[in-house]
Amino acid sequence: MDNASRRWRSKPLQTSNPSLIMAFFSCLAWLYVAGRLWQDAENRNILANLLMKNSVRRPKVLTVEDKLTVLGCKDLEKRIVEAEMDLTLAKSQGYLKSQLKQSGSSSDKKLLAVIGVYTGFGSHLKRNVYRGSWMPRGEEALKKLEERGVVIRFVIGRSANRGDSLDRNIDVENRLTKDFLILDGHEEAQEELPKKAKLFFSTALQNWDAEFYVKVDDKIDLDLDGLISLLESRRGQDSAYIGCMKSGDVITEAGRPWYEPEWWKFGDEKSYFRHASGSLIILSKNLVQYVNINSASLMTYAHDDISVGSWMMGIQATYIDDNRLCCSSSRQDKVCIAA
């Protein structure tokens with residue numbers, strides 16, 4: 001071995017101070033990162049366990065019932081439903097909110113019939129003709145008729161422009177004649193006649209207690225005594241749907257008279273079901289109660305007679321086809337005649 005080799009091997013190994021410092025800080029950084037990763041893993045594990053427990057305890061989607069329970073309204077909701085059921089039962093048994101007699105009704109006894117004669121804003125002259133012929137004229141004559149068990153009123157709604165001259169003229173006429181049943185919640189219009197039927201029957205029921213409720217068109221003259229005699233013969237008959245029963249083709253072309261927008265519901269034959277003619281429709285009290293209670297959900301069609309007929313199809317109504325109620329140009333054996 002030469003001298004150079006001996007000098008190298010005997011020389012001690014020297015390491016610089018900066019290298020040692022860097023190595024030390026690297027170790028510290030590694031320990032810090034490893035500790036944070038471990039801590040984050042523990043935190044994620046704890047959060048996962050909490051979420052699992054919460055998902056078991058409550059539904060993923062908070063329903064309306066859950067919200068009501070949280071708000072403490074569940075019991076109140078139950079009481080409201082029970083109150084609505086009690087109200088419906090009370091209505092069906094005749095215990096109605098509005099039992100005040102309208103237009104001076106003076107008797108508490110059960111009437112034979114309430115007769116509503118449809119009229120419009122432009123029918124003043126026609127009303128005067130009726131008052132001078134088959135309909136009683138004046139308050140005293142109306143009271144005498146009521147003593148026989150019959151109330152008769154012209155039925156009209158309100159103008160689209162509430163409080164205008166049309167409404168004021170009707171109010172003035174009513175103050176003089178006392179023979180109107182004014183439907184404040186109804187807008188008087190030709191296309192609203194089916195809704196007028198619902199409101200007439202409901203309002204008449206709420207104001208008078210009668211065996212029968214009669215809708216009369218303003219295009220006929222009535223044999224009032226003949227109608228009273230017919231109704232007397234039917235007294236005590238529940239579920240009676242009385243009229244001149246008919247059917248007919250459904251008009252499907254828009255723009256034609258008697259067009260039916262809901263024509264597609266009447267099947268391939270396009271024919272109306274059997275129903276009482278709109279000139280004169282008679283319903284017994286329990287059927288009118290049904291209309292009153294369910295008025296919000298009853299479907300209306302383009303015509304009032306079709307609408308009433310559709311309501312009767314869904315219940316145990318007794319259809320009575322009486323030829324005397326088929327209004328024609330001949331008075332023979334009829335209680336009505338086309339005006």
Side-chain angles (χ1 to χ4, degrees), residues 84-119 142 145-146 148-158 174 178-186 188 192-217 227-228 230-232 234-243 276 278 280-300 304-305 307-318 320:
E84 289 176 344
M85 293 174 65
D86 290 341
L87 179 61
T88 300
L89 178 62
K91 282 186 174 182
S92 67
Q93 294 175 347
Y95 298 96
L96 301 171
K97 182 178 179 181
S98 304
Q99 287 293 345
L100 297 175
K101 305 294 183 182
Q102 181 165 335
S103 303
S105 180
S106 58
S107 176
D108 290 331
K109 70 178 183 179
K110 189 168 187 176
L111 299 168
L112 172 64
V114 175
I115 302 173
V117 183
Y118 276 25
T119 189
L142 290 171
L145 181 63
E146 187 174 335
R148 296 176 60 188
V150 177
V151 167
I152 187 167
R153 296 289 187 272
F154 287 113
V155 182
I156 193 169
R158 287 298 189 182
N174 187 40
K178 309 292 186 184
D179 58 3
F180 278 90
L181 174 59
I182 300 175
L183 307 176
D184 286 316
H186 176 72
E188 189 67 31
E192 298 294 330
L193 286 179
K195 295 179 182 177
K196 184 175 182 177
K198 282 200 293 187
L199 197 55
F200 159 63
F201 285 122
S202 294
T203 305
L205 177 69
Q206 293 172 18
N207 284 278
W208 296 283
D209 183 19
E211 293 261 355
F212 300 100
Y213 297 83
V214 185
K215 176 261 175 178
V216 177
D217 196 44
L227 178 61
I228 293 174
L230 185 153
L231 294 174
E232 284 282 4
R234 297 289 182 180
R235 187 186 285 273
Q237 185 168 358
D238 284 339
S239 304
Y241 173 38
I242 310 172
L280 215 160
I281 301 173
I282 303 171
L283 300 180
S284 61
K285 179 180 178 179
N286 64 323
L287 296 184
V288 175
Q289 286 177 324
Y290 169 81
V291 173
N292 177 49
I293 294 169
N294 299 282
S295 60
S297 58
L298 290 175
M299 174 72 182
T300 55
D304 57 350
D305 54 353
S307 299
V308 176
S310 70
W311 307 337
M312 296 300 104
M313 286 186 68
I315 55 178
Q316 298 272 344
T318 301
I320 300 173

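As the structure is a computational prediction, the values presented were derived from the model and not from experiment.
K196 contributes no side-chain N or O that, together with a main-chain N or O of L183, makes up a donor-acceptor pair within less than 3.5 Å. Between the side chain of S284 and the main chain of S239, a donor-acceptor pair closer than 3.5 Å is present. Of the possible donor and acceptor atoms, one in the side chain of N174 sits under 3.5 Å from a partner among the backbone N and O of F180.
By the 4.5 Å heavy-atom criterion applied to side chains, I315 and V291 are not counted as neighbours. Between L298 and Y290 the shortest side-chain heavy-atom distance falls below 4.5 Å. Looking at heavy atoms from C-beta onward, Q237 lies in side-chain contact with I320 at the 4.5 angstrom threshold. The closest side-chain heavy-atom distance from I152 to D179 is not below 4.5 Å. Side-chain contact check for L199 versus V155: every heavy-atom pair is 4.5 Å or farther apart. Between Q289 and K285 the shortest side-chain heavy-atom distance falls below 4.5 Å.
Nearest approach of M312 to A317, heavy atoms of both residues: O-CB, 3.9 Å. For the pair D305 and A276, the tightest heavy-atom approach, listed with the atom from each and the gap, is CB-O, 3.3 Å. Residues E188 and T119 approach most closely at OE2-O, 3.4 Å, considering heavy atoms. G157 and I182 get closest at one heavy-atom pair: O-CG2, 4.5 Å. Residues V114 and A210 come closest through the heavy atom pair CG2-CB, 3.9 Å. Residues V117 and D217 share a closest heavy-atom pair of CG1-O, 4.5 Å.
For the side-chain contact (heavy atoms from CB on, under 4.5 Å) test, residues two or more places apart in sequence or in another chain that qualify with S307 are P194, T300, Y301, W311. Taking S295 as the reference, nothing meets the side chain to side chain donor-acceptor pair (under 3.5 Å) condition, with sequence neighbours excluded. Judged as a side chain to side chain donor-acceptor pair (under 3.5 Å), and not counting sequence neighbours, E211 has no contacts.
To the nearest 0.5 Å, atoms CD (Q316) and OH (Y241) are separated by 15.5 Å. With rounding to the nearest 0.5 Å, the separation of CD1 in I281 from CD1 in I242 is 12.0 Å. L142 contributes atom CG, which lies 8.5 Å from atom CD of E146 (distance to the nearest 0.5 angstrom). Distance OH/Y213 to CG/L283: 10.5 Å, rounded to 0.5 Å. Annotation: the span from Y118 atom OH to D304 atom CG amounts to 5.5 Å, rounded to 0.5 Å. For the atom pair NE2 (H186) and CG (L193), the distance works out to 6.5 Å, reported to the nearest 0.5 Å.
Among L205, D209, T203, the single residue meeting the side chain to side chain contact (heavy atoms under 4.5 Å, CB included) criterion with N207 is T203.
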**Prompt:** Passes side-chain contact (heavy atoms from CB on, under 4.5 Å), L231 versus V214? Steps please.
**Reply:** CA-CA 10 Å; L231 294 174; V214 185; 4.2 Å; yes
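Note that K215 lies outside the cation-pi zone of F200, set by a 6.0 Å cut-off to the ring centre and a 45° limit from the axis.
In the displayed structure, K195 atom NZ is contacted under 6.0 Å by at most 12 heavy atoms of other residues, nucleotides or ligands.
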